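Structure first, commentary second.
Computed from a predicted structure; not experimentally measured. So that the names make sense, note that chain A is the first sequence line, chain B the second, and so on, each numbered from 1.
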There are 2 protein chains.
Amino acid sequence: ERIVVRGCALKEHIARITLRDVPNKPGVAANIFHTIASGNVVVDDIIQTISDDGQYAYIAFTIEYGDLADAKAIISKLCNKLDCYETYQMDLAKVSVVGIGMQMHTGVADQMFKALAKAQVNIQNITTSEIKISCLIDEAHGPRALRVVHDAFDLGGKGTLLPKK
Amino acid sequence: ERIVVRGCALKEHIARITLRDVPNKPGVAANIFHTIASGNVVVDDIIQTISDDGQYAYIAFTIEYGDLADAKAIISKLCNKLDCYETYQMDLAKVSVVGIGMQMHTGVADQMFKALAKAQVNIQNITTSEIKISCLIDEAHGPRALRVVHDAFDLGGKGTLLPKK
Ligand SMILES: C[C@@H](O)[C@H](N)C(=O)O
Ligand SMILES: C[C@@H](O)[C@H](N)C(=O)O
């Protein structure tokens, strides 16, 4: 199937919170995101992987800078209760490629990651949806990453820079 | 902003491959997904988290059952070269909620995870996009998970079961 990459985008000023050694049992994610929702913290992306033995989960989610202080207060109490721990990372940006087509991920991932590799941009997190591949990177690499990805897919005038929220 | 959940879906017969202790250096993801693309393995979702000290990455991706044999041959060679290791999980399903609206993730995640928790369904992986939250679960829980999520959002006739590809 032909891959049609329609555009790319950059979102800046992102903070990431990662909960580590989270018990991998039913109900734990509900507890975490209910607590966060009640604290009025707006969560953008959520990524969860699990440990090799299935005992623990690692849940990373991104938020706006403005919510970081509230989030930290909520998360530290939560981690005490769940016996897990949290790490924070500021100054992140998300560079995304948007396209259409089933083979989207394998073919496009190859090209997008190659463009970032050539520009020596390290990929911290990856998430995908049917029409998009997103990478969390150091904010300092943001504009350059957008440019090299834009060029890799010959987007001409189609690339966009998302408005800073 | 009002959250409008439009529907939910279930995709069955999913296999997940997780690469663990992957060196977290520029170029490594490009190498991995170029190798996979050259082997004609179609990758669906990609999820990457990184270790606390930033040394290692954990990359999980889902594929169709049909590609598993080819993928195993490619991945074991790759892991030898990169000095990382891989784990496989079959019999997975992906239950998703599709909606519209910025607060989508925080409010909807809370409700979706609560519904799965009440049904004692364990969430193995989580990925989100602007309009969707997806959870990888045991395939055995698939139909039940779809039903409880469908009911939690009062979807009436809107829920869907994706065609088995
Ligand atoms: C870690 C968390 O996602 C857990 N597995 C749950 O189902 O809630
Ligand atoms: C692990 C891998 O994603 C690495 N960080 C890279 O940029 O390629």
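Looking only at distances, no side-chain donor or acceptor of A:Q48 sits under 3.5 Å from a matching main-chain atom of B:I47. A donor-acceptor pair under 3.5 Å links the side-chain atoms of A:T128 to the main chain of B:I46, judged by distance alone.
In this structure, chain A has a heavy atom under 4.5 Å from the side chain of B:Y85, while its backbone stays farther away. Using a 4.5 Å cut-off between heavy atoms, B:L116 does not touch chain A at all. Proximity to chain A (any heavy atom under 4.5 Å) is shown, for B:A29, by both the backbone and the side chain. For A:T87, the part lying under 4.5 angstrom from a heavy atom of chain B is the side chain only.
The local environment of CG in B:N80 is crowded, with over 12 non-hydrogen atoms from other residues, nucleotides or ligands closer than 6.0 Å. By the neighbour-count criterion of 12 heavy atoms within 6.0 Å, atom CG of A:D53 is densely surrounded, having more than that number from other residues, nucleotides or ligands.
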Check your understanding: Step by step, would you call A:F113 with B:V28 a side-chain contact (heavy atoms from CB on, under 4.5 Å)?
Key -> CA-CA 9 Å; A:F113 299 162; B:V28 171; over 6 Å; no
Exercise for review: Would you please test A:I50 and B:R16 for side-chain contact (heavy atoms from CB on, under 4.5 Å) and show each step?
Suggested key: CA-CA 12 Å; A:I50 54 175; B:R16 177 187 63 221; 3.9 Å; yes
Exercise for review: Kindly indicate, with the supporting measurements, whether the criterion side-chain contact (heavy atoms from CB on, under 4.5 Å) is fulfilled by B:H34 and A:Q111.
Suggested key: CA-CA 8 Å; B:H34 177 71; A:Q111 250 179 301; over 6 Å; no
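Shortest non-hydrogen contact noted between A:A37 and B:D110 is CB-OD2, 3.9 Å. Closest of all the heavy-atom pairs between A:G27 and B:A117 is CA-CB, 3.3 Å.
Of the listed residues A:P26, A:S38, A:S51, the one with more heavy-atom pairs under 4.5 angstrom with chain B than any other is A:P26. Ranked by heavy-atom pairs shorter than 4.5 Å toward chain A, the options B:I36, B:N24, B:T35, B:L136 are led by B:N24. In terms of heavy-atom pairs under 4.5 Å with chain A, the best-connected choice from B:N40, B:D45, B:I59, B:D52 is B:D52. Chain B forms more heavy-atom pairs under 4.5 Å with one residue of A:Q120, A:M112, A:Q124, A:K118 than with any other, namely A:Q124.
Note on A:V43: it clusters hydrophobically with A:L78, by side-chain heavy-atom contacts below 4.5 Å among ILVMFWY residues. Hydrophobic clustering of Ile, Leu, Val, Met, Phe, Trp and Tyr side chains at less than 4.5 Å, counting indirect connections, unites B:L68 with B:I75.
Using a 30° and 60° split on the angle between ring planes, B:Y58 and A:Y58 fall in the parallel class, below 30°.
Neither side chain, A:T127 nor B:T127, offers a donor N or O lying under 3.5 Å from an acceptor on the other.
One finds the CD atom of B:E130 at 7.0 Å from the CG atom of A:D44 (value rounded to the nearest 0.5 Å).
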